[in-house]
Amino acid sequence: MFSLRGCGLCVASSLTKNHLSLARFIGDSAAPLATNFDVVVIGGGHAGTEAAAAAARCGSRTLLLTHRVDTIGQMSCNPSFGGIGKGHLMREVDALDGLCSRICDQSGVHYRVLNRRKGPAVWGLRAQIDRKLYKQNMQKEILNTPLLAVQEGAVEDLILTDPEPEHAGKCRVSGVVLADGSTVHAESVVLTTGTFLRGVIVIGLETHPAGRLGDQPSIGLAQTLEKLGFVVGRLKTGTPPRIAKESVNFSILNKQTPDNPSIPFSFINETVWIKPEDQLPCYLTHTNPRVDEIVLENLHLNSHVKETTRGPRYCPSIESKVLRFPNRLHQVWLEPEGMDSDLIYPQGLSVTLPAELQEKMITCIKGLEKAKIIQPDKSSSVFTYFVSFILWSGYGVQYDYLDPRQITPSLETHLVQRLFLAGQINGTTGYEEAAAQGVIAGINASLRVKRKPPFVVSRTEGYIGVLIDDLTTLGTNEPYRMFTSRAEFRLSLRPDNADSRLTFRGYKEVGCVSQRRYERASWMKSSLEEGISVLKSIEFSSSKWKKLIPAASISIGKSLPLRALDVLKYEEVDMKLLAKAVPEPLKKYIKCRELAERLKIEATYESVLLHQQQEIKEVQQDEALQLPKDLDYLTLRDVSLSYEVREKLHFSRPETIGAASRIPGVTPAAIINLLRFVKTTQQRQMAMNELPKIDQSLCDTDRLEERQL
Amino acid sequence: MWRRFWTLVAGAARGPRSPRSCTRQGSGAPVPGSGATVFALSSGQGRCGIAVIRTSGPASGHALRSLTAPQDLPPARSACLRLLSHPRSGEPLDRALVLWFPGPQSFTGEDCAEFHVHGGPAVVSGVLQALGSVPGLRPAEAGEFTRRAFAHGKLSLTEVEGLADLIHAETEAQRRQALRQLDGELGHLCRAWAKTLTKALAHVEAYIDFSEDDNLEEGVLERVDSQVRELELALSAHLRDARRGQRLRSGAHVVVAGPPNAGKSSLVNLLSRKPVSIVSPEPGTTRDVLETPVDLAGFPALLSDTAGLREGVGPVEQEGVRRARERLEQADLILAVLDASDLASPSSCNFLDTIVTPAGAGNPKENSQRLLLVLNKSDLLPRGGPDPSPNLPPHLLLSCLTGEGLDGLLEALRKELAEVCGDPSTGPLLTRARHQHHLQGCLDALGHYKQTKDLALAAEALRLARGHLGRITGGGGTDEILDIIFRDFCVGK
């Protein structure tokens, strides 16, 4: 918006140049131009499916390119979705009409809300998911999405052309080259290739390059990214071995039953597909000192744990648990993999020991004495690309990721125009984190084609915003996982109100939200507003309330009258109780379970949220102040900034003053200087805009003079 | 911490609201008034007849009424004599002139109030504390009045050019002031409280994020509860005690430093006109920091004599050197003393390299720690000879023995101290009011923690409490919390 380049002549000449080189490039390519899409999404994982579907929902002709159609929607790691923080992300993905929440409502085998007793702001919707069902339902959804085409193929390279002059960036992506040499033209490209970049699988001391059956996928792509100058880091992650269900002695273990009733993930579902009594239980067991011994005795056989590649501070593998917290019993959850699956996923037993030692370790755990580790069936794959020849025992994966400070909050790269990145390639871990980025990348890839302003979720608006803001301003050196403690406005960003935060924006600004969802959210919003004002209007003395609701711990000493909303704040009071005490006009608000629950939640947080609103407003003011995208911080004159600050700003390229102020090391004084610069530029811009008018009037005067002459 | 620090400026520079932010506003609850109300001492430090205390923000009128109850607001922009009393205790504070400037016709463009009180530290401190007890008021941050004025279009862009420098300088001065306050018992207390609170918060956060999936040990919350109870007791005891607490170390902190035997103690004695420090030709005579309150060129100052900076001496002197360096960190003005006849010695060169050059003598813009370089023992130089040290940064020649050069030094001191003392927002009185304000805020938040059963609300109360302590001690970011979580618990999958 503050772009200094605005002079018409300059734009025109660059555009011509752009056209020429584009034409030449297409002419050069040997294969005939087969296809032409608005958005091409590479990868069919959790980020890729969401991105492709979101772009299509926005009205862009979209192509999803994947190695194999039958791996679309594959859950490559744990058989569950959601949890604390992650469940929040899913509700937000759903509020933008994303897929994963709806698919989970059709594919779960054990639904449970975590943190039920800790306050609705931190409830964590979670479910064990049937892998097979999820994949089936996801594929059905993807293959039936209007405007979305799916094609099998390995992407070898990007087609790059001259950059658009009105945007920052080295070059522009205009399509992809497939392994067979054919090309697909695209206006925007979304890269969601997970751990493919130099992925290596580690079991014990053995390492296997993570290519599929020896064909090294996308080497060209990796090289292209490297040549373009992307900064790359390395991360590691792991997964536990799978155990045969019939080999586990469940009878001696703690059983965990699902919630009754099940709470669906999606705002548009009243219930999930399966009754609570038909759902599968989970079981809990613990490690013991013998497990510690086996791990410690065999550290020399375990290169994954010893190596210096950054793992997370939290403990993803049993080895790091034993090393960092010795002499403790660690939890192992035995989770079902699906309705008719004969596999059990031992959550908490991520391990990279050699295969025979894994079995030795597992069989000394209670309930698993006779457990059998299952070898994979050749047709089912563990990771989307690199499968078949590795055992389905526990293993570690090491892979490259691109420093996420190289992307904007709309997930477009700074270096390559119209190239969007989402998912593990940005250094995150988890299906939900990937899905959240996927939706945003898909939406923005589509908006970019339509030359509309990007859709950015602020950290005051959602966990999606927290996730992307953390990544793009701070970067990460461990697999980034969502925790509720990362959100400073946790009380405002709740699972219950994700629709009111995002659905309207999605509908109005982007068009990625269906009419049905929009109407549902609008109804809910107006019902809530009405309900709250009714609750505020009902006032009685505390002694009358006490008489009406004896169960409430209202102290009668207070002389001021109490509003129904204040009474609803008491822990032991809910809408049902309140409606019983004051049937008119409250009766109608308990007809919808969700509405009644949300009124209670709004009452609980009312007074604190009033304070938080002020803070949120202040942060949003900072974020409304945009920095010019094409600023060259290193050479920028007229601004007094230290070299250190310049380098930081140059690398992260914050889009707003708010984002700049969150970059560590950027001082308040530097921010003020930036601000002054922006204001001056703004004024200069305004002056420039007035120039043509002056020209015009000058011309008029000239003409006038001519006539006089 | 300074997320909100300058948002007001941003607000002004933003220009017309984008349509997007309008939609976003639409979904939220109604927003209360525009920002907090701040107060600060806005007249110069030190002993003056009248001190001016200013407030700016929507609660200014309320604050004025609270302190002058039962009288109503005076007419706009005209001075009235009022009895000021503490709004909570009713204790009379001072008879003062008050002025009421309803916005936008005020210095900042917001509602402003001014209290012209009698200048003694006790009165000023009393009024500042009274203002701090009015709901919605807090002590101003560095440069906040100016920023607000800018935000409301009361400053031109050229005036704003100085703003970044001002904020830098004020932040630095405030940091040093806070260091001084935190040096000693109160500092130990605050840091210990902050540590306890951060850990308590991290444990509650861990309980929220991990307790259902991972196994935290038993009794995490119970331990937090008892820690919070103890913290509450300690804070309220301290706040009750605060009045007869610390000695008010008023005035600019001027620290005399240099290599051994440069004549630092002689200079201190000369400036304070009394034998404060023992003077001897033996290097290393002064081993501790000796403080004396003096009137320097008309400004109140606390003059500190320090041990000569050198390495490899006995443990007592080593400790003296450590204290001297600590004191240098906190100084508003450093008087760097060198022996003019001994400039080539290793200790002189070392001092020049480590203290004088980094402070950027003669270039206060680069680093706001001010430094005057004094070359003592000019009497030992040949009469009328050339300047012994043309390559040194700007300096003054002085002979403590003959008194030659003293007038020049006093004139230089006057200029420097006028700069240091001209900025009231960093003075000890406001620092103290700020401490009190944040400690009280912390205590109030801890009270909310106890009352609530909703763990998310309880954590929010601890976050708020930690935020208040963080304003005093620093720290408290998300990563610090996550570090503690992952250090203390085996979590994650």
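Just so it is clear: chains get the letters A, B, ... in the order the sequence lines come, proteins before strands, and each one is counted from 1.
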Discussion item. Test of understanding: with side chain to side chain contact (heavy atoms under 4.5 Å, CB included), list the residues that count as partners of A202(B), not counting sequence neighbours.
Written reply: I481(B), I484(B), I485(B)
Discussion item. Among L491(A), V608(A), V122(A), which residue has the highest count of heavy-atom pairs closer than 4.5 Å to chain B?
Written reply: L491(A)
Discussion item. For L329(A), which atoms come within 4.5 Å of any heavy atom of chain B: side chain, backbone, both, or neither?
Written reply: backbone
Worksheet item: Of all residues at least two apart in sequence or in a different chain, which pass the side chain to side chain contact (heavy atoms under 4.5 Å, CB included) check with S553(A)?
Response: Y570(A), E572(A)
Worksheet item: Do I84(A) and F210(B) touch side chain to side chain, with heavy atoms closer than 4.5 Å?
Response: no
Worksheet entry | Point-to-point distance, once rounded to the nearest 0.5 Å, from OG of S485(A) to CD1 of I208(B) | 8.0 Å
Worksheet item: Should we say atom NE2 of H286(A) is surrounded by more than 12 heavy atoms from elsewhere, each under 6.0 Å from it?
Response: yes
Fill in: Minimum side-chain heavy-atom gap L482(B)-R486(A) below 4.5 Å
yes
Response to the item:
T484(A) and R463(B) have their tightest heavy-atom pair at O-NH2, 3.7 Å
Discussion item. Counting only non-hydrogen atoms closer than 4.5 Å, does L464(B) touch chain A with its backbone (N, CA, C, O), its side chain (CB onward), both, or neither?
Written reply: neither
Worksheet, complete the sentence: When the 4.5 angstrom heavy-atom criterion is applied to P120(A) and chain B, the contacting part is both
Worksheet item: Is it the side chain or the backbone of Q331(A) that comes within 4.5 Å of chain B heavy atoms, both, or neither?
Response: both
Item to complete: Quick one: pull up CD in E488(A) and CD in E460(B) and give me the separation to the nearest 0.5 Å.
Response: 10.0 Å
Item to complete: Select one option (side chain, backbone, both, neither) describing which atoms of Q612(A) are under 4.5 Å from chain B's heavy atoms.
Response: side chain
Response to the item:
If one checks every heavy atom of T604(A) against chain B at 4.5 Å, the contacting part turns out to be both
Discussion item. With a 4.5 angstrom heavy-atom cut-off, is it the side chain or the backbone of R494(A) that approaches chain B, or both, or neither?
Written reply: neither
Practice prompt. Using non-hydrogen atoms and a 4.5 Å limit, figure out which bit of A487(A) sits close to chain B: side chain, backbone, both or neither.
Written response: backbone
Item to complete: Can you measure from CG (L457(B)) to CZ (R490(A)) and round to the nearest 0.5 angstrom?
Response: 10.0 Å
Item to complete: Over all heavy atoms of both residues, which pair between K118(A) and Y207(B) is shortest? Give the atoms and the distance, please.
Response: NZ-O, 3.0 Å
